[in-house]
Amino acid sequence: MAHEIKLPEIAENVESAAVIEVMVSPGDTVEKDQPLIEIETEKAATEVPADVAGTVEEVFVNEGDEIKVGDRMVSIKEGDGGGGGEEKEEQQKEDKKEGKKKKEKAEPEAKGGKKEEQAEAGKGKDKPEEEEAESEEEEEPEKGKKQKAAADRREQDIEPVPASPSVRRFAREIGVDIHSVTGNGPGGRISREDVKKAVREGAAGGGGRTGISLPDFSQFGSTERKPMGRVKEITAENTTASWQNIPQVTHFDEADVTELEAFRKKYGGAVKEAGGKLTVTAIIVKIMAEALKTFPAFNASLDIAKKEIIYKDYINIGVAVDTPRGLLVPVIRNADRKSLTALAVELTELAEKARNKKISPDEMKGGNFTVSNLGGIGGTGFTPVIFPPQSAILAVSRAKTAPVFKDGEFVPRMILPLGVTYDHRIIDGAEGAAFLRWTCAALENPLAMYLEGGK
Ligand code: CAO
């Protein structure tokens, strides 16, 4: 009888997921725990594995579909998944180890169990993916989306690397350049284990693992363990990947926003009527939309494998939102084409949704640049970490009234401290300084940015 794999409950209040990749086709033989479908929730891409071995009978979903918890994804005719020998034994050993870890972790959110753990660095399964890869690499691209996706990924490599698509994807997700990994398989083939080894040898681990061993804290006092939760887990993965792979520099400057504050107060009421709040953040997003056109390197991503910089013609800006679950970054798309009022309304709605767990994964995708405003809380400056694969992030700290020496005397002015962290592989120090100076000048005199026509 056919066994159906449905979208399991992934985490509390997550009711749907986007299908990112379908890794199997009808007729494929699969093993237990072999990844079948890659889905994305929040900002996490995770794989749903087969919970039985057998032959794929039907695939009910397509890439790009938005599916709900309980929806059918794949049906499998139970049987022998094939394979065996040494690798299978190793797999079973790994499963055993994982089972033990799972118990220790006892994360209540992870009701879906395996798929979350599969997405984590260091907890994957090598063998089935190796097999899948072998066939994928040999088949014609027109045989299906799976092959096309694999071909697209191959094209991104300057030199062919002997690694399966899922191993490449795994490396990409944890921020490891697959070209820098030494393969220990036949003919130098790179396995998921090799990627993990490369991360371990590169000091800290990917995916938030740090290689830092913990002491027995109970010797110092009582402790309580709590699951870190999915959002913080994803933040750990992103920030670790960023920290390990991007040489980043933070540059600081200050803007006199006295006039801008007066403007904000004057027009706040009108924006409120439209359903938004004319905040410092909304104004900064508007100004950044112009800044990114003037400084395209800040709206770009680096493809290190191809030694190319990808400049984007669209302006999508992420805004860091502090929520009870942790940091979320909704994205305002085509920010340059929206009025200040429209931006303020959208930002109010997105921040609300993020805080009320109503934000969809789609609303957090596709950002080119991020604005992080901690000014509502306080601080004179901070060094935010770039959200890969973006090239920069703006840090906004707390504005305060300060004495400024002007025309021979000290006058009280509202001063806003700003910082920009940039990827030094794409952006040089002089460009970083120019970008922030331009931003300060635009905040001080917003109309000046429209003097340069055609933007
Ligand atoms: N300087 C001085 N005051 C500021 C300020 C700044 N830079 N930024 C905000 N404020 C004030 C606002 O004026 C507002 O005051 P009033 O209530 O008197 O109007 C108050 O702080 C709260 O602001 P807000 O939260 O309503 O609106 P916002 O647009 O300024 O902030 C958002 C929106 C989503 C950016 C913010 O709520 C938030 O979540 N910030 C945290 C971002 C974060 O965690 N970043 C770190 C990520 S790691 O890089």
Side-chain angles (χ1 to χ4, degrees), residues 43 231-232 234-243 246 248 250 252-269 271-272 275-288 317-332 335 340-359 363-364 367 369-388 390-402 412-423 436 439-440 443-444:
K43 284 181 288 172
V231 173
K232 282 199 187 305
I234 295 161
T235 303
E237 284 166 12
N238 283 329
T239 49
T240 306
S242 176
W243 199 260
I246 306 177
Q248 31 201 308
T250 307
F252 299 95
D253 209 331
E254 288 178 342
D256 182 336
V257 291
T258 314
E259 261 92 57
L260 203 71
E261 271 303 292
F263 169 87
R264 212 166 68 81
K265 290 209 170 78
K266 189 170 171 191
Y267 294 101
V271 174
K272 198 173 172 188
K277 188 175 173 195
L278 186 55
T279 60
V280 176
T281 314
I283 295 170
I284 286 177
V285 168
K286 181 73 192 159
I287 287 173
M288 284 302 100
I317 299 180
V319 177
V321 178
D322 180 36
T323 80
R325 289 182 296 160
L327 172 66
L328 290 175
V329 188
V331 173
I332 299 185
L340 185 49
T341 304
L343 287 175
V345 172
E346 190 171 337
L347 180 58
T348 306
E349 284 170 4
L350 286 174
E352 190 88 355
K353 277 188 182 177
R355 292 194 179 106
N356 297 336
K357 305 184 181 176
K358 297 265 170 17
I359 197 96
E363 287 169 306
M364 293 189 284
F369 176 91
T370 298
V371 172
S372 177
N373 178 12
L374 283 176
I377 301 168
T380 53
F382 66 106
T383 57
V385 174
I386 292 169
F387 186 21
Q390 299 174 11
S391 63
I393 177 168
L394 187 80
V396 185
S397 292
R398 191 172 188 79
K400 66 170 184 197
T401 306
R413 304 291 293 177
M414 182 69 91
I415 302 298
L416 180 68
L418 295 166
V420 64
T421 300
Y422 56 86
D423 183 338
L436 206 53
T439 300
C440 291
L443 283 162
E444 286 167 9

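In what follows, every heavy atom counts, from backbone to side chain, and hydrogens, waters and symmetry copies are set aside. Both counts, for ligands and for their atoms, begin at 1 and track the order of listing.
Considering only heavy atoms from C-beta on, Ile283 stays 4.5 Å or farther from Leu343 through its side chain.
Considering Gly376, Gly379, Ser372 only, the shortest heavy-atom separation from atom 45 (N) of ligand 1 involves Ser372. Scanning Thr421, Asn373, Ile283, Asp322 for the heavy atom closest to atom 40 (N) of ligand 1 points to Asn373. Distances from atom 27 (O) of ligand 1 to the heavy atoms of Thr279, Thr235, Ile415 put Thr279 nearest. Of the listed residues (Val319, Thr281, Ile393), the one carrying the non-hydrogen atom nearest atom 31 (O) of ligand 1 is Thr281.
Using a non-hydrogen distance threshold of 4.0 Å, Lys400 does not register as a contact of ligand 1. Put simply, part of Arg355 is less than 4.0 Å from ligand 1, judged by heavy atoms. Using 4.0 Å as the threshold, Ala354 has no heavy atom nearer than that to any atom of ligand 1.
Of the protein's non-hydrogen atoms, the one nearest atom 6 (C) of ligand 1 is Gly375 CA, 3.4 Å. Annotation: atom 13 (O) of ligand 1 to nearest protein heavy atom, Arg264 NH2, 3.3 Å. Nearest to atom 14 (C) of ligand 1 among the protein's heavy atoms is Lys277 NZ, 4.1 Å.
Listed by first and then second residue, the side-chain hydrogen bond (donor to acceptor under 3.5 Å, both in side chains) pairs involving residues 370-384 are Thr281-Asn373, Thr370-Gln390 (not counting sequence neighbours).
Contacts with ligand 1 closer than 4.0 Å are made by side-chain heavy atoms of Leu416 only, the backbone lying farther away.
Taking every non-hydrogen atom of Val396 and a distance limit under 4.0 Å, the qualifying atoms of ligand 1 come out as 7 (N).
Among residues two or more places apart in sequence or in another chain, the side-chain hydrogen bond (donor to acceptor under 3.5 Å, both in side chains) test is passed with Thr239 by none.
At under 3.5 Å, a nitrogen or oxygen of Ala399, whether backbone or side chain, sits near a nitrogen or oxygen of ligand 1.
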